[in-house]
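Presented below is the structure to which this report refers.
Chain letters run A, B, ... following the sequence lines, proteins first and then strands; every chain starts at 1. Note that the structure is a prediction, hence the values are computed from the model and not measured. Side chains included, hydrogens not; waters and symmetry mates left out as well; all remaining heavy atoms used.
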Number of protein chains: 2
Amino acid sequence: MKNTIQKTAIMNALMALDHPTADEVYECVHNEFPSISKATVYRILNRISEEGEILHLQIPDGADRFDTTLCAHHHLKCNKCGKVCDVDVPELDGIEKRIKEENGFSIGGYRLVFSGLCSDCIFKKSD
Amino acid sequence: MKNTIQKTAIMNALMALDHPTADEVYECVHNEFPSISKATVYRILNRISEEGEILHLQIPDGADRFDTTLCAHHHLKCNKCGKVCDVDVPELDGIEKRIKEENGFSIGGYRLVFSGLCSDCIFKKSD
DNA sequence: TCCTAATTGAGAACTGTTTTCGATTAGGAT
DNA sequence: ATCCTAATCGAAAACAGTTCTCAATTAGGA
């Protein structure tokens with residue numbers, strides 16, 4: 001993969017943002033590099049997530065998000081403020097083996113997204 | 001909710017199909033009822049899933065699917081044949097309580113989709 | 001410095017879904 | 001049975017997120 005200015009700018013944006021969407025990355029990079037195209041942002045995000053440099057998260061009810069934390073694989077998503085944060089779920093350790101034995105299904109990967117209310121939002125009024 | 005011909009036809013289609021997408025429901029209903037609109041299919045599927053009559057599943061990398069099985073909440077999705085099937089994951093029983101205590105996050109719901117290869121596809125050639 | 005495959009920007013295209021709006025209809029009230 | 005009206009409908013446009021096309025540019029090895 002060529003080492004373009006665009007890729008560097010996107011990596012920097014990913015470091016600066018927390019679980020950003022492609023559009024949020026675009027907005028951030030666009031500030032310092034107005035000529036960048038949205039297609040380039042999507043292309044580079046896809047490329048580096050395929051290579052395992054970042055995680056590509058599919059969040060229910062919205063745009064995909066990208067995560068520079070490679071070890072924690074599960075997420076909490078607040079339905080009110082929209083914030084996404086990482087969470088460990090050791091309960092699922094070894095689940096691949098059990099499903100393989102019981103269902104014959106070979107798990108390549110999985111994602112778990114909990115939707116709900118974060119501790120900041122839970123006491124706020126409903127509307 | 002009014003009891004329209006369209007709703008009845010969609011309920012019948014949901015019974016006949018296995019984890020269909022909205023488009024698959026539309027195709028099925030459209031056969032016996034050619035004048036139905038896709039907007040109506042989406043509207044009715046959303047309505048009855050909000051009322052809890054069916055589950056609305058958000059599957060990675062593709063269209064949402066609908067499930068008439070209300071008790072099993074998790075799914076296996078084969079990346080080769082596209083089939084989606086139900087699976088129990090008792091490992092997650094009580095997870096809401098732990099996450100609430102440790103993170104202060106109040107889980108409203110979650111879905112877990114395992115991607116991989118089903119037992120039929122696992123021995124097939126890659127391409 | 002040259003060459004070429006990789007990458008880019010702009011915008012069209014695409015997929016899945018929702019919205020708009022005027023026309024139709026279910027089903028309770030009369 | 002008929003009327004009334006809110007609920008629903010069909011068609012098509014709008015929408016969001018993402019991918020594709022293609023001509024122009026560029027990184028980086030020869």
Side-chain angles (χ1 to χ4, degrees), chain A residues 1-14 17 19-51 53-67 75 77 79 82 84 111 113, chain B residues 1-14 17 19-51 53-67 75 77 79 82 84 111 113:
Chain A
M1 167 164 26
K2 284 188 179 177
N3 220 344
T4 64
I5 295 167
Q6 289 88 345
K7 187 194 163 188
T8 306
I10 285 171
M11 291 305 285
N12 290 341
L14 284 168
L17 300 168
H19 295 95
T21 61
D23 205 66
E24 286 163 357
V25 172
Y26 169 77
E27 286 302 328
C28 179
V29 172
H30 185 253
N31 284 337
E32 57 164 309
F33 198 139
S35 73
I36 199 167
S37 159
K38 228 170 223 189
T40 299
V41 174
Y42 276 97
R43 271 188 296 236
I44 291 177
L45 289 174
N46 285 340
R47 199 142 39 88
I48 63 183
S49 61
E50 273 160 25
E51 291 179 2
E53 292 189 57
I54 59 174
L55 290 183
H56 182 165
L57 310 176
Q58 276 147 351
I59 302 290
D61 297 314
D64 291 0
R65 292 175 177 274
F66 297 88
D67 191 348
H75 295 86
K77 184 205 169 204
N79 288 332
V84 172
R111 74 187 53 76
V113 180
Chain B
M1 170 164 24
K2 284 188 180 180
N3 219 344
T4 63
I5 295 166
Q6 289 88 347
K7 187 194 163 188
T8 305
I10 286 171
M11 291 305 285
N12 290 340
L14 284 168
L17 300 168
H19 294 96
T21 61
D23 205 66
E24 286 163 356
V25 172
Y26 170 76
E27 286 302 328
C28 178
V29 172
H30 186 253
N31 284 336
E32 56 163 311
F33 199 140
S35 72
I36 199 167
S37 159
K38 228 171 224 189
T40 298
V41 174
Y42 277 98
R43 271 187 296 234
I44 290 178
L45 290 173
N46 285 340
R47 201 142 38 88
I48 63 184
S49 62
E50 274 161 24
E51 291 179 2
E53 290 189 58
I54 58 173
L55 290 182
H56 182 166
L57 309 175
Q58 275 147 352
I59 302 291
D61 297 314
D64 291 0
R65 292 175 177 273
F66 297 87
D67 191 348
H75 295 86
K77 184 205 169 202
N79 288 333
V84 172
R111 74 185 55 76
V113 180

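Using a 4.0 Å heavy-atom cutoff across all strands shown, B:Asn3 reaches sugar-phosphate atoms only and no base atom. Among the heavy atoms of the strands lying under 4.0 Å from B:Ala63 are primed sugar atoms or P, OP1, OP2 only; no base atom is included. Residue contacts for B:Ser35: at a heavy-atom cut-off of 4.0 Å it reaches the sugar-phosphate backbone alone, with no base atom in range. Residue A:Asp23 is classed as having no contact, given no heavy-atom separation below 4.0 Å to the nucleic acid.
Atoms NZ (A:Lys2) and P (C:dC3) sit 15 Å apart, rounded to a whole Å. Nucleotide D:dG17 holds its C1' atom 14 Å from the CD1 atom of A:Ile59, rounded to whole Å. We find that NZ of A:Lys38 is positioned 18 Å from P of C:dA13, with the value rounded to whole Å. At whole-Å resolution of the value, CD in A:Glu50 and C1' in D:dT18 are 14 Å apart.
Here the nucleotide nearest the side chain of B:Met1, chosen from D:dT8, D:dA12, C:dG9, is D:dT8. Listed candidates were D:dG10, C:dG9, C:dT17. Nearest to the side chain of A:Phe33 is C:dG9.
A:Asn46 has a side-chain polar atom (N or O) that falls below the 4.0 Å cut-off from OP1 or OP2 of D:dT19. A:Tyr42 has no side-chain polar atom (N or O) that falls below the 4.0 Å cut-off from OP1 or OP2 of D:dT19. Residue B:Gln6 has a polar side-chain atom (N or O) positioned under 4.0 Å from OP1 or OP2 of D:dG10. Note on A:Arg43: every side-chain N or O is 4.0 Å or more away from OP1 and OP2 of C:dG9. In terms of phosphate contacts, A:Thr4 brings no side-chain nitrogen or oxygen within less than 4.0 Å of OP1 or OP2 of C:dT7. Listed pair A:Arg47 / C:dT8 meets the phosphate criterion, a side-chain N or O lying under 4.0 Å from OP1 or OP2.
Distance CZ/A:Arg65 to CG/A:Asp23: 10.5 Å, rounded to 0.5 Å.
Side-chain rings of A:His56 and A:Phe66 approach one another, their centers coming within less than 6.0 Å.
Look at D:dA24: its Watson-Crick or wobble partner, with both distances under 3.5 angstrom, is C:dT7.
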